[in-house]
Amino acid sequence: MAEGEETAAWQLRMKWQESGVCGPELYRYLAEQVPRIFCTSEKTGLSEEEEEMVGTSLLRPLEWYLFGEDPQLGLEKLQQGSGSSQLCGRVFKEGETTYTCRDCAIDPTCVLCMDCFQSSVHRNHRYKMHSSSGGGFCDCGDMEAWKTGPSCKKHEPGAGGDMDMGAESQLEDGLMERGRMLFQVLFKYTVDMLVWEEGQELPAELQPSVKEDTYYCVLYNDEHHSYDHVIYTLQRSVHCGLGEAQTHTNLIDKEGRRAVKRGTLQACQEAKQAIQSNSEHISLQPLRVEILHSAVMAHQSFALRLGTWFQQVVNYSVGFRQVFCQVSLQAALDPELHCLISRLMLCDAKLYKGARKIVHDLIVCSLLMETEYKRLFAIEFAKNYKQLQEDFINDDHERSISVTALSVQIFTVPTLARQLIEEGNVVKVIIDTVMEMLSEHLDDSNRFHFQGFNSERFFRIQVVFHDLKYILISKPTIWTERLRQQFMEGFRAFLGMLKCMQGMEEVKRQFGQHIEVEPEWEAGFSIQIQLRHTLSMFQDWCTADEELLLQGYKECYNTLMSCTNQPFKSEEIDTHMCNHVLRCKPYKVSQDPVSIHLPISRLLAGLYVHLCRSGAINRLHEYLPAGCDIAYMVEYPLRCLVLAAQVAAEMWRRNGLSLVSQVYYYQDVKCRDEMFDKDIIMLQIAASKMDPNHFMMLILQRFELFEYFNRNTVSRDKELAKQLNRLTEEMLHLLIIILGERYIPGISNVTKEDVIMREVIHLLCIESMAHSSLVKALPDNENNETGLENVIQKVATFKKPGVSGHGVYELKKECLKEFNPFFYHYSKSQHSKAEDAQKKRRKLENSDKALPPPDPPRFFPAFANIVNVLNCDVLIHVLRTVLRRAVETSGKLWTEAMIQRVLHLIGQGLLEEKQQLEANGEEVAFDFSLKARRIEHGKSLLTFLEKLKLVPPLEAQKDMIIWTLQMFEIVKCLREKSSPTAAMSIETIKPEESIQDKEKAERKRKAEAAKRHRQKIMAQMSAMQKNFIESHKMLYESTPQAQGPGEPSVPEDSSSAMTLGESRVALGPKRGSGVVERETLTCILCQEEQEVRADSTAMVLTACVQRSAVLTQCRGKVLPNTETFVPLFMHPDLACGTHTGSCGHVMHAPCWQKYFEAVQNTTRNRLHAELIFDLENGEYLCPLCKSLCNTVIPLIPLQPLKLNYDNAELVGQLLTFPRWLEIVLARIKGLKAMSQDNDDSHEMAENPFFAENPADFRSILSFGVQATARYSESINEMLVVCATAAYRVGLKVEPNETDPRVPLMSWNTCAFTIQAIENMLEEEGKPLFGSLQNRQHAGLKALVQFAAAQRLTSSQAVVQKHFTHLLSALIPDLNVDGTSSILDVDLFHLLVGLVLAIPALYQEEAVDLQPSPISSAYNHLYILQLVTMAHVVQILLTSDDPPGMLGEEEGEEYRSATELYQTLVQCTEGLSGDVPGWCLTDRVRRGVAQFLRCAGLFFSCLTGIPSPEVLSSNEVSLEGHLEALCSYLALPTNLFQLFQDHKDTVTPLLHRWCGNPAVSTALTDRSSVIRYPRKRNKLVELPADYSCLLNQACHFRCPRSADDERKHPTLCLFCGAMLCSNSICCQETVEREVVGACAAHSVNCGAGVGMFLRIRECEVVLMGSKTRGCVYPAPYLDDYGETDPQLRRGNPLHLSPERYKKLYQLWQQHCIMEEIARSLEVVSIMFAFDWQML
Ligand SMILES: [Zn+2]
Ligand SMILES: [Zn+2]
Ligand SMILES: [Zn+2]
Ligand SMILES: [Zn+2]
Ligand SMILES: [Zn+2]
Ligand SMILES: [Zn+2]
Ligand SMILES: [Zn+2]
């Protein structure tokens, strides 16, 4: 800032200070200055200069005034004196990761920001991670939010200097006074301007001296119009271009409003008209447009700027913050007016987005950071609550940008909540608010009725229910009398609301016709779901003390009694059954209206249980002296249960889906604890209080089964009979539940933990389950906790997941006895699944299949009478009737399900009697067994039961029947002991027992017979299976040689005598001959067999060629332009190779061609088929295994290689290494001379190898030739297809089969594929031979044979030229331009090229010749020796030693090594001498291994000669391995020996190799030199804890943009680069296409494929060829062995090394493309995801 300006600022502040009351002075200044700076030009939004002007002319003087000195100085002083806040208060952006602690957070709304979390104790607790929806803030430092560890290290008290809460004294008096003065004026100005609604006038005190005729036309954001609407409207109305319209629209969406036109009033009015009419035209609703005078606009802009300024200032010091809070809460002078902050709150809904955000942020960083002011603010907030909610509901913005969203910050604070209830009765306020909003839905009888509700509005109303939940979330520990009163008042209000729900939305059964319109039911249920936790929390609050509970119960009871909205239609009548009389009012669920909503009845049931639990039940009579009307209490819940039963019995079919859904939710885990469960409790209450016979009769009445059981009437109507049966089943089930379900604290003596345990046991009885499935199936509490973790270890064992799938919990054996097949929370399907599973299990254990009721816990005294229902006449009658019908009638009148339930009930009765007998010994009044034996009409219940065994359709229940009979015996014995006289006649039992024994023996015999039978069948089956596999082996394996005798891995031939012909040497005169097996293969398409022959139709192997960077030593290297690049030499960094893989499936070439054409034709018509495979690039899916392929490899039979060893020996004497080199060079020279007219023999003459004894041009032929192999047309055609594919894909060029680079690419892909396979085998620690999968081995062999045969389809001249060029790398001066340094050549690629090209040298003009086997053997031998020597030199030049190695200076090998090295030192510049021999040997041994192993694989595939057995074994030492490999390759184990043997020939070569200046250059900059062994690539190391990654992501900044938009940090797993994916900012143009950061990165990093971890989403993305990709589970699992895509569950995640390894293998084995193709095939995507934009 310039000196002059600073002085001006200083002067200004002096002026203000002198004027004392600065208000009017300041206003005058602002009135004058603001319009001069803001809104002076056409452009809206502040330019940089304007921003600076704001600083110098407006803010700077204010700060000068505030500090009374240079603000810089003042600020420094201030910061010395005070600490920063101990609350973090960081406001979350949308998408930011937040953490909460399940162990310590008071409720799940308490969250930490990433930084605080990482330095808090909760890191090691059971935390959860979530993605913020924006707007909340970090609760670090809030003592009330956390049970332990409220502060992170940074915000710990004392961490940042001491701070006295509430002490303003830390500001010196003057500063504070000035601050107060300034804030008062400025904040009032800010509020005035933000809430100012006059567009064209200003407040009097801001009136400008001159009013210009400049206006703005301002367009506001709404949620009604789409982006496109707005853009279109703007283009039409204000005539701006598309780009400008887009910018406007973006900013309108972001900020909430934007000036779209500046001009005279008239011009703006015209624009406004145009916008409104245009927008109305397209969407029926006009856009909101206002015209603002430029001065108004200016002041509003500055007010907003001040908002941000305040945020800064209050962060300067606590003192300022407190002063600001005081100012904002200060009561206005006019009592009619609100304080400033309330004024802002109350206009919140009128403000536009941008303004709201600033206001909210200001509130958060000031008022909510100070405990005392937070309290005052909370009271203001509560005062305005109703108004705020109403505004919000009429507003159309999202909740997160409404001031009402702050409620969570206030209501969840326990002390605040208590005070708000105590002082502001906030519970009542909230309920009154919601009632007022819902009042329009009340019908005549004061019940809600949501027919035709406005769902959008309704959705907003529900937000108020959240507040109700928040306010109740922490139950107070201290209760004052006032709190008690206020709470009760709130509770009464709540009951008032429930009263409107009681009986709402009645349904009536539809007769005849199906309903026409499905009634709305979602609204009612969504309120129920919203209230679920609130209901249980109200109950919980009531239990705070006995008084409150009793009072609450009384209120609830009275409310229920005052509900008169479901009246009976008729008067009471008497009914009779078993000599009992019931007097009740008739009512039929099937005819009269019935409602599923009974919150008051259910609340009452809930409170009743609490009464029992606390013992307060004994004092109930003091509160409700009149007793209670049980029949009335139970009536409605019973109706509801009957409704559910009738729906299950399909009696309500005509009422449509809405009713089915309601009944479903009624019992679903989301609702049941406050619906179905409470209804059951109410029935249990009734059963405990009513006369049991009356209770039973009432049930029968309501189930409309009274007549059915009272008279023996049989309906002829089949439909009706079925209904009655279903109803009976349902009723019996209900009785089982009422009598047996006691797992509720208060009903019996169980803990909450017991309850959860029982739920979990029953879930696991269905099947073993994943943690997340269990969580979903359990009810959660208001803190979203299910309590699962506390119990799961006790009842289940965890089974870890494999590399896919997820971990599951398996029920412990000892818990199985708890299983109750009629568990009341089972759905119909769960019930039958569980029953099946348990029966199956018991069968496997060879035990009987009875599933008897488990031992139930004892009822609490208040409920103890329930058991009398079991013992009552009416129930015995019902049971008897069912059994009698089963025994006496056939079908129709009974079902197996009925019998099952009856047996269960009898079992319950017997268990009860047994328990009582065991406990009391004597005088047990409960006499179920005696009643069951009582004979009526000649037969007892027991007699029917015995006969039941003989009813054939009940075979499946036999075990259960037997169990029941045994129970009768046990109970009888117990009774006899206690009172022998009560025993029944013994004789009836004896035969019974013997029958049982016989029964048992019989069953055992049968079981054994069945077992034998099963075993026999199993044996047959497995034999058949074997045969099938044998005969269809091709289908399973489809390898060319499934374990043929020629397979190297088969050790059989070792048994025969070891002759030379079987020697395991692959080259040279001692070469073995290999086994030429005839191969007969089956085509997977036509299923016909064919032998692989050179002269018949080609058989082809599916194959996929792809570029690969898996071996690169230089990741991310920019790959050469492939249009012109000649891939003669592979650089040793292997930056990009060409890999050819195969799934190993074989077809006839014509079959494949037909298939391929068909695929092309059909997929062209398929939607998005191009996503799955790229037709243009010849891609298709393997017809059998659906692997991605893009070419085929023709199968070429091996040529016989029989050597005449005598001849070979002879030839060897003549054809020494130097001689061989001579004749080869002579041949090259000759060929060159023939092809070129110009004679360059003089140049050749300079070559030392031509100096003496020049060999003849044709002498090469004299060592043996033969005619070249001939292949059928078909094979030749396929050779071209395959070679072209390697060329096209490897070089990314258009196919051109005549390009001279075609053969090079064939050899290169052969070499690279071998290297990749060698790398993989080594990485996995597998032996070199015999451990490849069949498909890999088949593919590799075919590939090598193809590469060898490919030569024949190319021009021999081209191949000869390539050979010359390749050889020039080793024999320099072959008259080839720019020979490369040997450090720049990958010698294995060179070896393959030389070996496969050399036969071309034998070509004689018109005669097709190739070397004889003997010639080949020597060619291979000498080429390998030459290349190996070059490689040894490479290694010696480049390698380093591992430190700390020791060795001794002994032996021949060391000597020769030292000798060679000395030679190298002599001829190389920059190579340091004096390296011990053992060290050199070690370097070479380690360095050469990769090369030799590759060579071994190559020659083995080329010649088919079996390798030494040790190479197929894992248990071999490194030395042993090398030795065997050398012997197979006919190399001396001591490789230095080669240099000795060929000293004369090699020494000049050494000089040339090392003398190349490139070598010295490379040696000086050793960093770029490739060392041997090459390093093996790994995926980047990932942290064990996922939150570390999230932390990284949090600190990630997009390299290209600075805006605060949410970014998607994405980690490249190959190189560790963090990219900004899926974002416009980081798009790049690759090959004239715009692609996202990941797609662009993978071009060079992974040669087209990529593997990325999307960090926020916790998902791996596989990418291939820019346009394709798929998601793959991240290798992170939670403690339950489950992945968590999108972090939906938010459990802590840990790296799974196994899964990460699987990803690694996917990459190394080149299966990424395949995986993508497979996933796309599985998920037939309906929409195309734009992978390239990632
Ligand atoms: Zn924080
Ligand atoms: Zn913190
Ligand atoms: Zn914790
Ligand atoms: Zn075929
Ligand atoms: Zn396949
Ligand atoms: Zn990368
Ligand atoms: Zn970016």
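Ligands are counted one by one from 1 in listed order, and the atoms in each one are counted from 1 as well.
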Report summary line: With rounding to 10 degrees, C1620 SG, the Zn ion (ligand 7) and C1598 SG define an angle of 110°

Report task. Would you give the angle at the Zn ion (ligand 1) between C138 atom SG and C113 atom SG, to the nearest 10°? Result -> 110°

Query raised in the report: Out of curiosity, C101 SG to R126 CZ, how far, rounded to the nearest 0.5 Å?
Result: 8.0 Å

Query raised in the report: What does the angle at the Zn ion (ligand 7) come to, between atom SG of C1625 and atom SG of C1626, rounded to 10°?
Result: 120°

Query raised in the report: Given D1133, which of Q1113, K1117, R1574 fulfils the side chain to side chain donor-acceptor pair (under 3.5 Å) condition?
Result: K1117

Query raised in the report: Which residue, E1715, K1578, M1651, forms the side chain to side chain contact (heavy atoms under 4.5 Å, CB included) with W1707?
Result: M1651

Query - C1645 atom SG and H1641 atom NE2 as seen from the Zn ion (ligand 6), angle to 10 degrees - result: 110°

Query - Minimal non-hydrogen separation, T308 against I358, with atom names - result: N-CG2, 4.0 Å

Query - Residue pair S1642 / V1649: nearest heavy atoms and the distance that separates them - result: CB-O, 3.5 Å

Query raised in the report: Can you tell me if an N/O/S atom from H155 lies under 2.8 Å from the Zn ion (ligand 1)?
Result: no

Query raised in the report: Which angle, to 10 degrees, forms at the Zn ion (ligand 1) with SG of C88 on one side and SG of C116 on the other?
Result: 110°

